[in-house]
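Each ligand, and each atom within it, is numbered from 1 in the order the structure gives. What you see is a predicted model; the values in this text were computed from it and never measured.
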Amino acid sequence: MTQSSEKIWLSSPHMSGNEMKYIDEAFAHNHVFPLGPNVNGLENDIKAFTGAANCTCLASGTSAIHLALILLGVERGDEVLCSSFTFSASANPIVYQGAIPVFIDSETATWNMSPELLETAIKDRLSKGKKPKAIILVHLYGMPAQLDKLMQIAEKYEIPVIEDAAESVGSTFDGRHTGTFGEMGIFSFNGNKIITTSGGGALVSAKEEYCRKALFLATQARDSAPHYQHSHIGYNYRMSNICAGIGRGQMEVISQRISKRRENYFFYREHLGGIEGITFQSEPSDRYFSNHWLTTLLIDPAKTGGISRENIRLAFEKPGIETRPLWKAMHLQPVFAQYPAYTDGTAEHMFDIGLCLPSSSNITDEERQRVVDEMKNLMTK
Ligand SMILES: *Cc1c(COP(=O)(O)O)cnc(C)c1O
């Protein structure tokens, strides 16, 4: 195979080379279990990087959201407001608890939860006699949501916020890291995210109590006793010390990974931004700093001479360039169709016309150029 015919991935793992050092240490001391020096070390690395006061590393971002809901007392029949334009893992844990997701559509500036629709939803739920127990707020593709307005509404109605910062590790709003605004924040280190532990996640909070309780629940809720004594239902959600070793190697280079993802974004925007009908998800002002985990754009067929995102996705498949439609909103998913939703068509429209471009931090200059050339080729036909 020649270099130019190799598959270009949407978002692939990118090792620093130091991961094995931490894994070897774990093997040398037989620390092959879901606790240990790498887990503690990774928690400290995350705290130092994000400014979060407390951190508990877990098996996944999904398990972190699940524990956050449990810690806020979300139970059967409770309502939880949730961004609709997201990956299903933001909403699934609401249903694990037997609670009811109430979906909120996006605004067009950041593509994240609309403050107006959030307030409309809260007022309407209150008028129906039910106060939502929590808000799950997503920062999509790394772009911080309108945190000033959203947090103000959450505070006004005294509803705690869980920030789903799975895609936005290292993104900031007014210089403060996403994940540290809400009552709790969660990160994901799945294989496709900006850094990875192969699979893993973390819960962060300003409140020590939340992270301590998350650790307790994540390790089967053992009471302090010489025997196995339980007064709560527990979970096996702790991160493995081997996976955490990968994470420690990744945290050494996280700033470089963010720089490269941003560089990808600016490269694509420079070369494709001028094409009629193409618009990029962009930081609305300098208050926003996106890690640009994925470069995402909208392709308006009304302005491209009829070329749709699906035309582009399929045309890219042949030469082995992986692209993907934007997330299909949760209120449009068959599994969530029965739940309440406050929508205005924004996420639905973005799904119809939006595409994610290859955005790995280990993409080569040559591969990135191929993506640009293919796109220009298609758009000027
Ligand atoms: C990846 C992702 C999650 C889930 O994280 P896992 O570590 O894969 O469980 C949750 N929310 C969003 C928005 C994600 O992209």
Side-chain angles (χ1 to χ4, degrees), residues 10-13 34 39 42 46 55-70 80-97 101 103-106 110-113 134-145 147 150 161-171 178-179 182 184-204 214 218 235-240 243-244 246-247 250 261 281 290-296 324-331 333 335-336 347 350-351 354 356 359-360:
L10 190 75
S11 182
S12 70
V39 181
L42 181 57
I46 293 166
C55 175
T56 300
C57 280
L58 298 165
S60 63
T62 310
S63 54
I65 297 172
H66 190 196
L67 291 181
L69 291 170
I70 293 169
V80 176
L81 304 166
C82 182
S83 301
S84 189
F85 197 25
T86 186
F87 176 50
S88 62
S90 304
N92 282 335
I94 302 171
V95 181
Y96 300 166
Q97 283 306 96
F103 294 111
I104 315 290
D105 212 328
S106 292
T110 73
W111 303 12
N112 290 303
M113 185 185 280
I135 301 168
I136 298 178
L137 176 57
V138 183
H139 306 292
L140 215 55
Y141 304 117
M143 183 65 68
L147 277 159
L150 293 162
V161 170
I162 300 165
E163 280 181 270
D164 178 346
E167 301 177 1
S168 67
V169 179
S171 299
T178 56
M184 283 170 265
I186 75 95
F187 300 125
S188 167
F189 311 121
N190 198 22
N192 57 346
K193 298 300 198 307
I194 197 156
I195 61 159
T196 185
T197 58
S198 72
L203 182 91
V204 295
Y235 300 85
N236 185 3
Y237 277 175
R238 188 65 160 150
M239 181 182 277
S240 147
C243 294
I246 304 174
Q250 294 271 285
R261 298 260 181 173
Q281 182 192 33
S290 170
N291 67 12
H292 283 301
W293 169 56
L294 296 184
T295 294
T296 54
R324 194 173 295 158
L326 301 184
W327 299 123
K328 180 173 180 175
M330 293 306 107
H331 70 274
Q333 299 286 354
V335 71
F336 293 125
M350 288 187 174
F351 169 66
C356 309
S359 303
S360 304

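Residues satisfying the side-chain contact (heavy atoms from CB on, under 4.5 Å) test with Pro13, not counting sequence neighbours, are Met15, Thr196. Looking at residues two or more places apart in sequence or on another chain, you find a side-chain contact (heavy atoms from CB on, under 4.5 Å) between Ser63 and Leu58, Ala59, Ser60, Tyr237. In this view, Ser188 and Ala166, Asn190, Lys193 satisfy the side-chain contact (heavy atoms from CB on, under 4.5 Å) rule, not counting sequence neighbours.
Nearest heavy atom pair, residue Ile162 against residue Ala68, reads CD1-CB, 3.7 Å.
Classification of the Trp327-Tyr141 ring pair by plane angle, with boundaries at 30° and 60°, yields parallel.
Partner of Ser84 under the side chain to side chain contact (heavy atoms under 4.5 Å, CB included) criterion, chosen from Lys328, Met330, Gln333: Met330.
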May I have every N or O pair linking ligand 1 to the protein at under 3.5 Å, one per line with atom names and distance?
from: ligand 1; atom 1: 5 (O); to: Ser188; atom 2: OG; distance (Å): 3.3
from: ligand 1; atom 1: 7 (O); to: Gly61; atom 2: N; distance (Å): 2.8
from: ligand 1; atom 1: 7 (O); to: Ser188; atom 2: OG; distance (Å): 2.7
from: ligand 1; atom 1: 9 (O); to: Gly61; atom 2: N; distance (Å): 3.3
from: ligand 1; atom 1: 9 (O); to: Thr62; atom 2: N; distance (Å): 2.9
from: ligand 1; atom 1: 9 (O); to: Thr62; atom 2: OG1; distance (Å): 2.5
from: ligand 1; atom 1: 11 (N); to: Asp164; atom 2: OD1; distance (Å): 3.3
from: ligand 1; atom 1: 11 (N); to: Asp164; atom 2: OD2; distance (Å): 2.7
from: ligand 1; atom 1: 15 (O); to: Glu167; atom 2: OE2; distance (Å): 2.5
from: ligand 1; atom 1: 15 (O); to: Lys193; atom 2: NZ; distance (Å): 3.3

